[in-house]
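Here's the structure we're looking at; comments come further down.
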Amino acid sequence: MLTNKPKTKILVDGGDPDETLRVKKLLGFVDGQTTNPSLIAKNPEIQQQIASGHSLTSQEEKDEYRKIVQTISSLVGDAGVSIEVFADLDTRAEDMLAQGEEMFTWIPNAYIKYPCTHEGLKAAELSVRQQIRVNMTLCFSQEQAAAVYTATKGSKEPVYVSPFVGRLDDRGEDGIDLVKNIKTMYRHGDGHVHVLAASIRHLDHLLASFALDVELVTVPAKVLEKWASSNLPMPDRDFSYKAASASGEPLKPIPYKELDLNQSWQSFDITHELTAKGIQKFVADYRSTLKRSA
Ligand code: E4P
């Protein structure tokens, strides 16, 4: 069990309350949880229902999602539970906002996840005005993080932005560089956006996130279990992150950009191929795991 809790808040990246409980027993705490449609579809109870031949209606799916986050809600600390809206590439901000408003009532510690797209940012801008906490997901560029900052300026609650480290690594770019660049850019800001390192695949990602002093990191249970079985190492002053792919190839650095956080969010070029792909993957995973047609 951890006696010296890291400054960075630790969230479990998953969709199964039993897993969250297991991690909590192992570490002695869990600060929060992130979920997404792919992870929820894999929830063992949902899987059991499908295996027994029951195909869920969309209302039943929503009820299951609510039940899962309600169970997780009481297990975690003040970083809350991030609940993702169901969005494809055509979903409009108004639709995302309506889902977000409803999901926000499910639990007292909800963060609503919207994608870092034009419609997602519009939904976020409207949400924070209603004091709905948001977590901006599928962030793959510094421009997207700048847009998150300016779209949510004035939010009374902290806003999360989730740069996806592993998915950038997967295509040969150093995802940790993006996290570092966003942290550096936000140094000139008012502190209302907290960086939540996501898509964490291994221990070095976790240690690099600690070393960068990110406010939060979301981690699959298996990586946290590995961390615990390695005696919960923390990066020391000499820690240096070696950016390498799964096969050991060096990753391409992502250069820092000077961006003006006083610009309007609409003026940033926020398109990123991986954001669009990520939205499509969530929809496809969800439908295929739940054996649902479009
Ligand atoms: C967190 O909010 C994300 O849903 C998650 O970290 C995605 O990770 P993956 O790239 O391993 O799917």
Side-chain angles (χ1 to χ4, degrees), residues 8-16 19-20 23 30-43 65 68-69 72 76 79-88 96 100 103 109-117 120 124 133-141 144-145 148 158-176 178-179 182 193-206 208-209 212 214-227 245-246 251 272-286 288-289:
T8 297
K9 290 183 180 168
I10 297 179
L11 289 73
V12 175
D13 198 15
D16 175 10
E19 191 182 73
T20 308
V23 172
V30 163
D31 291 307
Q33 173 97 20
T34 53
T35 62
N36 68 42
S38 314
L39 295 168
I40 289 297
K42 287 187 202 133
N43 171 277
Y65 197 177
I68 294 166
V69 298
I72 293 172
V76 304
V81 182
S82 291
I83 313 172
E84 185 151 347
V85 298
F86 295 95
D88 61 23
M96 293 191 208
M103 288 165 159
N109 51 353
Y111 278 76
I112 303 303
K113 273 171 105 177
Y114 297 117
C116 280
T117 57
R133 288 177 293 268
V134 300
N135 173 356
M136 299 307 292
T137 192
L138 292 165
C139 173
F140 293 99
S141 75
Q144 289 175 331
V148 167
V159 165
Y160 298 164
V161 66
S162 296
F164 274 37
V165 176
R167 293 192 195 185
L168 282 165
D169 283 15
D170 287 345
R171 64 169 204 179
E173 294 177 58
D174 180 2
I176 287 292
L178 173 64
V179 178
I182 297 172
V193 186
H194 293 186
V195 177
L196 194 174
S199 186
I200 297 294
R201 302 274 165 77
H202 48 68
L203 264 190
D204 280 351
H205 280 160
L206 179 62
S209 303
L212 288 172
V214 292
E215 287 84 358
L216 317 106
V217 63
T218 186
V219 194
K222 67 173 188 318
V223 177
L224 289 171
E225 282 161 353
K226 175 94 201 299
W227 183 49
S245 68
L251 297 170
H272 199 287
E273 189 198 352
L274 290 182
T275 305
K277 269 195 178 165
I279 292 172
Q280 286 165 318
K281 185 177 175 333
F282 282 148
V283 175
D285 274 1
Y286 192 73
S288 69
T289 318

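The figures that follow rest on heavy atoms only: side chains count, while hydrogens, waters and symmetry mates do not. The structure presented is a predicted model; accordingly, all values stated were derived computationally and were not measured. Both ligands and their constituent atoms are indexed starting at 1 by order of listing.
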**Asked** Which residue from Lys113, Arg201, Lys281 reaches closest to atom 2 (O) of ligand 1 through any of its heavy atoms?
**Response** Lys113
**Message:** Check this for me: does any side-chain nitrogen of one of Lys42 and Glu19 sit under 4.0 Å from a carboxylate oxygen of the other?
**Reply:** no
**Prompt:** Tell me, which protein residue and heavy-atom name are nearest atom 7 (C) of ligand 1, and how many Å apart are they?
**Reply:** Phe164 CE2, 3.6 Å
**Item:** Step-by-step salt bridge (Lys or Arg N to Asp or Glu O under 4.0 Å) determination, Arg201 to Asp170
**Value:** CA-CA 10 Å; Arg201 302 274 165 77; Asp170 287 345; 3.0 Å; yes
**Prompt:** When rounded to the nearest 0.5 angstrom, what is the spacing between CZ in Arg133 and OG in Ser82?
**Reply:** 10.0 Å
**Prompt:** Can you tell me how far the NE2 atom of His202 sits from the NE2 atom of His205, to the nearest 0.5 Å?
**Reply:** 3.5 Å
**Fill in**
Of all protein heavy atoms, the one nearest atom 5 (C) of ligand 1 is Asp13 OD2, 3.0 Å
**Closest candidate by heavy atom, reference atom 8 (O) of ligand 1, pool Ser199, Cys139, Ser162** = Ser199
**Aromatic ring pairing Tyr111/Tyr160, orientation class (parallel under 30°, perpendicular over 60°, tilted between)** = parallel
**Short N or O distance, Asn36 and ligand 1, threshold 3.5 Å exclusive** = yes
**Message:** Suppose I only count heavy atoms of Arg167 and a 4.0 Å limit; which atoms of ligand 1 are within that range?
**Reply:** 7 (C), 9 (P), 10 (O), 12 (O)
